[in-house]
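One structure below.
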Amino acid sequence: MRKPPFLPICARIMQIPGHIDPVITGTVPLRGGNRVDLVGLTREGIRGALEEAGLDAKAAKLRGKQIWHWIYHRGVTEFDAMTDIAKAMRPWLTERFIVGRPTVREAQVSNDGTRKWLLAAADGQEYEMVFIPDADRGTLCVSSQVGCTLNCRFCHTGTMRLVRNLTAGEIVGQVLLARDALGEWPKGTMASAPDADDEDDDAGHYTADGRMLTNIVMMGMGEPLYNFDEVKGALKIVMDGDGLALSKRRITLSTSGVVPMMARAGEEIGVNLAVSLHAVNKEVRDEIVPLNRKYGIEDLLAACAAYPGANNARRITFEYVMLKDKNDSDADARELVRLIKQYKLPAKVNLIPFNPWPGAPYECSSPERVRAFSNLIFEAGISAPIRTPRGRDIMAACGQLKSAATRPTRAELDRIAAEKQAALG
Ligand code: SF4
């Protein structure tokens with residue numbers, strides 16, 4: 001029987017290249033004590049866990065299929081509610097397994113409808129999730145790491161050191177929790193219940209209409225391509241047709257430019273790509289997005305041009321935060337257009353008015369400047385919408401909720417970085 005109470009974190013963390021804060025290695029206690037959390041396991045993983053617990057292969061296959069459907073299609077967290085599983089088996093499952101959720105430390109709703117959660121993992125590590133409703137869609141912004149190594153200077157998360165990568169279960173758990181909070185699980189009979197063998201299904205019929213959560217962006221805390229395997233595992237679950245069933249066209253992975261991983265992301269995950277560009281020359285991008293010192297703009301744009309699946313119907317989104325007198329001149333806009341054309345990129349530019357926090361090193365460009373910048377790009381035939389700031393009253397920008405409680409100062413970060421440099425000789 002499989003009963004590991006802890007999983008080694010180091011086994012889950014891929015090697016992170018470049019200048020980084022120290023990664024704390026240790027163990028992630030499994031939620032539910034000795035019981036195995038099924039969230040985040042693949043279909044085969046669930047089947048394997050059932051077999052290890054003592055079911056024969058045939059029973060494990062059937063029960064695994066049923067449990068998967070209940071977890072990801074119906075949002076059920078109690079085995080007792082899995083009504084097509086024989087009643088006698090449900091306590092047996094409850095003794096050995098759980099269907100976990102992150103703990104909600106704080107939940108806020110903005111007056112514009114944006115919702116933000118501060119979540120805690122089983123080991124107490126905190127991370128954030130934001131839901132942004134729009135007229136025609138609802139986008140969940142999902143975190144991939146606790147903290148971040150990359151220290152982008154306009155980003156509040158960048159002021160926190162990386163604590164650890166989130167597991168696939170913790171990533172997909174955010175989507176499940178959002179569906180819980182939005183009340184979006186179908187009620188009624190199981191539309192595609194596999195091989196139902198038991199009684200007492202509730203009355204009514206499954207309806208999938210009117211969903212609020214329609215899109216996912218891997219744009220919360222962390223750099224998803226530094227946690228590739230767990231992000232990939234989580235998104236495969238999110239895209240599985242017998243479950244959350246979100247189309248890859250509705251999922252966007254945002255990277256600061258981890259060039260060596262971009263082709264793999266396109267080939268193995270296949271979701272839309274967004275790139276945090278934010279500057280068009282080396283000097284400014286080195287400052288704003290320090291990863292640029294490792295993977296420069298030319299390499300990044302070449303990787304974008306080669307991104308599998310990018311075309312005019314599935315454009316690459318370039319995120320561009322508008323910083324006063326830093327990256328917002330007419331010349332910057334023209335250079336951005338020139339670069340996009342030089343690399344023949346099917347591109348869209350998202351202009352993001354900077355959302356400052358106390359002590360932030362930059363100011364937001366004026367609305368007139370942002371409009372002028374946008375117009376120059378539009379005039380070149382490239383879409384450049386200005387993002388409306390959302391949830392400012394609840395500090396919905398990445399990292400702000402968590403850091404309100406725990407943020408180390410930039411001076412502390414500089415000290416840590418200097419110590420690390422010294423240690424490396
Ligand atoms: S913008 Fe993203 S990659 Fe950069 S520091 Fe913030 S969370 Fe990390």
Side-chain angles (χ1 to χ4, degrees), residues 13-14 16-23 116 118-119 125-130 141-166 170-171 174 216-228 230-231 252-262 265 273-279 284-295 297 300 317-323 326-327 350-357 359-362 364 387 389 395-404 406-410 412-414 416-417:
I13 295 183
M14 93 183 247
I16 298 175
H19 67 291
I20 54 166
D21 291 343
V23 175
K116 179 154 188 167
L118 179 62
L119 305 174
Q125 295 297 343
E126 293 174 339
Y127 49 100
E128 299 176 352
M129 167 176 98
V130 179
C141 182
V142 171
S143 291
S144 57
Q145 297 181 310
V146 179
C148 187
T149 54
L150 292 182
N151 293 348
C152 299
R153 278 191 79 82
F154 60 88
C155 167
H156 223 205
T157 300
T159 64
M160 305 169 200
R161 66 191 164 82
L162 176 72
V163 178
R164 67 171 173 84
N165 285 338
L166 292 176
E170 288 162 344
I171 295 167
Q174 295 172 62
I216 288 177
V217 290
M218 295 301 306
M219 213 178 271
M221 295 170 70
E223 165 54 61
L225 294 187
Y226 275 165
N227 186 15
F228 186 85
E230 301 295 318
V231 167
T252 300
L253 185 148
S254 173
T255 180
S256 291
V258 184
V259 168
M261 300 301 292
M262 285 168 61
L273 180 70
V275 172
S276 293
L277 189 64
H278 305 309
V284 178
R285 195 162 192 269
D286 277 357
E287 174 189 324
I288 302 176
V289 185
L291 184 66
N292 195 66
R293 295 174 204 157
K294 194 168 175 63
Y295 307 117
I297 292 176
L300 174 57
T317 303
F318 289 100
E319 307 286 346
Y320 199 98
V321 65
M322 297 299 294
L323 305 173
K326 178 56 69 177
N327 64 356
N350 262 349
L351 298 176
I352 309 161
F354 177 54
N355 191 357
W357 64 90
Y362 302 113
C364 182
R387 285 242 215 103
M395 298 195 296
C398 172
Q400 290 192 351
L401 196 58
K402 173 172 162 59
S403 64
T406 59
R407 181 169 66 92
T409 62
R410 172 62 61 183
E412 280 174 302
L413 283 164
D414 289 344
I416 292 166

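We count ligands from 1, going down the list as the structure has it; atoms in each ligand are counted the same way.
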Practice item. For the residue pair Glu223 and Ser144, confirm or rule out a side-chain donor-acceptor distance under 3.5 Å. Key: no
Point to revise | ligand 1 contact on Ser256 by region, counting heavy-atom pairs under 4.0 Å | key: side chain
Check your understanding: Does Gly222 reach ligand 1, in the sense of a heavy atom lying below 4.0 Å from it?
Key -> yes
**Study point:** Distance, nearest 0.5 Å, that separates SG of Cys152 from CD1 of Ile288
**Key:** 9.5 Å
**Study point:** Contacts of Asn327 that satisfy side chain to side chain donor-acceptor pair (under 3.5 Å) - sequence neighbours left out
**Key:** none
Exercise for review: Could you pull out all residues at least two apart from Ala274 that satisfy side-chain contact (heavy atoms from CB on, under 4.5 Å)?
Suggested key: Met219, Thr252, Ser254, Thr317, Glu319
Check your understanding: If you count the atoms of ligand 1 from 1 in the order shown, which ones are under 4.0 Å from a heavy atom of Cys155?
Key -> 1 (S), 5 (S), 6 (Fe), 7 (S)
